[in-house]
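What follows is a set of notes on a single structure, which appears directly below.
Worth knowing before you read on, the calculation uses all heavy atoms, side chains too, and leaves out hydrogens, waters and symmetry mates. Just so it is clear, the model here is predicted, and its values are computed rather than measured. Labels below follow one simple rule: chain letters A, B, ... track the order of the sequence lines, proteins then strands, and each chain is numbered from 1.
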2 protein chains.
Amino acid sequence: MTTSTRAKQSGSGIAREGGLANEVLEFVWRRREVSRAEIARRTGRSRSTISEAVARLLPTGLIEEVGSGESRGGRRPILIGFRDDASTILGVDIGAAHVSVALTDLRGRILEWREENHPVRSDPHGTAALAVKLGDACLAARGPGAPDPMGIGVAVPSPVDPLSPYRILERILPAWHEFDLLGELRGHFGIPVFFDNDANLGALAEHHWGKAVGIDDFAYLKVATGIGAGLMIDGEIYRGATGVAGEIGHVAIDPRGPPCVCGNRGCLATFVGTRALVARTRTLLSDFPQSVLAGTDPDIWALEDAALADDPLALKVVDEAARNLGIVIAGVLNLMNPGSVILGGSLARLGDRLVKPLKEAVASRTLVASAAASDIRTSELGPRATALGAATHVLVAALADPSLFPGVKAR
Amino acid sequence: MTTSTRAKQSGSGIAREGGLANEVLEFVWRRREVSRAEIARRTGRSRSTISEAVARLLPTGLIEEVGSGESRGGRRPILIGFRDDASTILGVDIGAAHVSVALTDLRGRILEWREENHPVRSDPHGTAALAVKLGDACLAARGPGAPDPMGIGVAVPSPVDPLSPYRILERILPAWHEFDLLGELRGHFGIPVFFDNDANLGALAEHHWGKAVGIDDFAYLKVATGIGAGLMIDGEIYRGATGVAGEIGHVAIDPRGPPCVCGNRGCLATFVGTRALVARTRTLLSDFPQSVLAGTDPDIWALEDAALADDPLALKVVDEAARNLGIVIAGVLNLMNPGSVILGGSLARLGDRLVKPLKEAVASRTLVASAAASDIRTSELGPRATALGAATHVLVAALADPSLFPGVKAR
DNA sequence: CTGACTTTGTTCGGTTGCCGAACAAAGTGC
DNA sequence: GCACTTTGTTCGGCAACCGAACAAAGTCAG
């Protein structure tokens, strides 16, 4: 009870401390070019108040006057623009077997990109060293004008408990027990480090740069080695009571299905995880001698490529996966009624080949019309989505509290 | 995008308009008796500020000085108390086949109670007339000191879309198409009318008066004619993008299960709804000649009574229902990670007879330890929970905006 | 081209909400 | 009895925000 009071406290507290400047800064960021009068109209404040807030923000270099706009029947407005190149952000994607790092500007543009495979599960120290190496490489390669990064975002393939952020990975990655990845990164780069679950950050990336721009309630499903969901509710990532919301890989979709590593039967992961799809493909190889995959030892990339070429074997595997995913997505729609469902992970590049059977499976399992009407789409952000989402996390934090930006005074 | 900006606007806007008084009022309500200094400490405001806010609230009659508390080593504090009897609220529960009305005070105490069976589905006008009749009866029966009601809360057995609140019931109750229940009630009683889905309001009742006091993230499942869930996220009811979140009756739990009225197979409602349980009991009657139900034509009440008496047939039916419910609850835990799951509806009175097999089914279907540890409990609010929740809805609205209280000036 | 009207952005006085310091009242404890 | 605490109030002051007024810069009808 005290906690809930505190939470509400800090809610209004932020607005009191940061004043109007934060709100104006975020507004300018979102609108890119906007006049003082327009800000006043859209935020409900008076022009004089906005003028004052802009005057306080201009010296920070985060916004600037960028010329004049069209007249609306009177004096031309002076447009205020956000300086996307005022700083940079490092986004780190720790996968099950790879590490990738993106250097972005403040508009989600990837300025540099480095990627390397690595046995992440078993080697935390090597993973941290690799992240540092790739991060340094990004910084070294950036153009002469690009400023130093202001923060680091890290995506981890594991639930993140907001209440105890420092012992996180141990549940799913036992070798990582008590290893302080964040401390290593902060120690080397000397800037703030944020982190979160990879599916959550994928959802954040979609919300800012992808198919969920303008949608504040949606579910993002990432199909990779594991299957995870990132839930955005009212514009914010929802983590649940202990930070494990969205762990849908082991939702049971068939009580008579095959056994799973988790000890149950018929988990979604036994049908739709990357390994399950590859295994299923191999099983079906003998039935499809005409397939382009016949005679090969396919991996997930070959499977996807074959599906994109309309290979019958690959399409059958994708179709089955879509129907199984559909069972879980129908459950998500019935329970949470998101405005949209975005599919991420490498499978997303299959587009309609995945979505069409998925929609059929979902439509036959949702009662309420508006839930069934919820649109299901594939991400177009590609393999860099997770690292981009990690960087976006830092951007969101900085826009909410500009004191994180170097050179910006806290008050 | 504009919408989301507006939403944030109104968020900080409320705090600006209502000032501190609202916050203090809600705080006093929650703490029942608390001194000015204590409020100042817990809200982070200065004593002088709180003193001023209290001075503005005292003339409204909603709070009063109720004596002095224990000294903490200095002057004794003057305790401020909330006047639970300053007003009353009507809570109306529209069920599938009954209408019940509660008259409560501002502390959720039920002062009067009226209930009557009625063919709600097919007779909207008669239902409205009955609600008016029962409400009038509650008001007529109240003691001489009890004040007039300040608002009416209505629970309806149908999703409620917050964006179009006036055409709601038609989806599930076709006869109600375009019938303005709220207008009828407002017209007769002349006070504000609020309404929401019954499962949502059940969750609200648990949050204020039941097993979820102090828990801000939980799921409430109501098993009745239909099955619905009320989701509380961060202390607020979550409705989803179009208001149908929590409609879990038609989540598929067995793709090879029996056909459902919704057109699919193996929906939860075909296994666990009231009618399904009764039908299942009848089917099993011949196998349990020793059952107390043998030779009878049992209804849901008889089934529950038999289970409470440890009748083997009834226990078997309950056990099966628990395992089927467990499949869906496991999905809810994996997806949303609520801090608690509360079971409502009449089945809740079975207590551990329901919860024990339920927990077993859930434990075998949830991977992450903290999700599996989530506690599952039965409601203890009884058959009046929904009407109480409807009244609570009005209370919450009034505490957030005291101008709803008669006699309280808007500013 | 001119004059009436709009829109923008700034300046300035005033209101509001909240805080901190100071103080009286009322208590505790050695 | 005396030093110290805590409570609640009063009062001066600060910061945020607003509205009115105004100059600058534009549109548009004639």
I want to confirm an ordering. Mapping A:Arg76 and A:Ser46 to their closest nucleotides on DNA chain D, which one lands closer to the 5' end?
A:Ser46
Taking any heavy-atom pair under 4.0 Å as a contact, classify B:Arg72: base, sugar-phosphate, or nothing.
sugar-phosphate
A:Glu23 has an atom CD; how far is it from atom C1' of D:dC17, in whole Å?
13 Å
Just how far, in rounded Å, is P of C:dT8 from CD1 of A:Ile80?
13 Å
Heavy atoms only, 4.0 Å cut-off, all strands: where does B:Ser71 land among base, sugar-phosphate and nothing?
sugar-phosphate
Expected output: side-chain A:Arg107 to main-chain A:Asp85 donor-acceptor under 3.5 Å:
no
Earlier contact from the 5' end, DNA chain C, for A:Gly74 and A:Glu65
A:Gly74
Base, sugar-phosphate, or nothing for B:Arg36, non-hydrogen atoms under 4.0 angstrom?
sugar-phosphate
Considering heavy-atom distances to DNA chain D, does A:Arg75 or B:Leu79 have its closest nucleotide positioned more toward the 5' end?
B:Leu79
In terms of side-chain heavy atoms of B:Thr49, which of D:dC18, C:dT8, C:dC19 is nearest?
C:dC19
Show, in sequence, the C-alpha distance, side-chain angles and deciding distance for B:Tyr238 and A:Asp217, and conclude whether the side-chain hydrogen bond (donor to acceptor under 3.5 Å, both in side chains) test is met.
CA-CA 11 Å; B:Tyr238 179 70; A:Asp217 292 83; 3.0 Å; yes
Of all the nucleotides listed (C:dC18, D:dG8, C:dG9), which has the minimum atom distance to the side chain of A:Arg47?
C:dG9
Whole angstrom is fine here: how far is it from CD1 in B:Ile50 over to C1' in D:dT6?
17 Å
If every non-hydrogen atom of A:Arg83 is compared with every non-hydrogen atom of A:Leu106, which pair is closest and at what distance?
O-CD1, 3.9 Å
What I want to check is whether an N or O donor and acceptor connect the side chain of B:Ser48 with the base of C:dG20 at under 3.5 Å.
yes
Measure the distance from CD on B:Glu70 to P on C:dT28 and round it to the nearest whole Å.
9 Å
As a test of reading the structure: which of C:dC18, C:dG9, D:dT7 is closest to the side chain of A:Ile78, going by heavy atoms?
C:dG9
Write down the distance between CD (B:Glu52) and P (D:dG12), rounded to a whole number of angstrom.
15 Å
Using a 4.5 Å cut-off on heavy atoms from C-beta on, say whether the side chain of B:His208 contacts that of B:Leu388.
no
Using the six-membered ring wherever Trp is involved, compare the ring planes of B:Phe82 and B:Trp29 and label them parallel, tilted or perpendicular (cut-offs 30° and 60°).
perpendicular
Over how many whole Å does the gap from B:Arg45 atom CZ to C:dG20 atom P extend?
12 Å
Between atom CD1 in A:Ile39 and atom P in C:dT7, what is the gap in whole Å?
18 Å
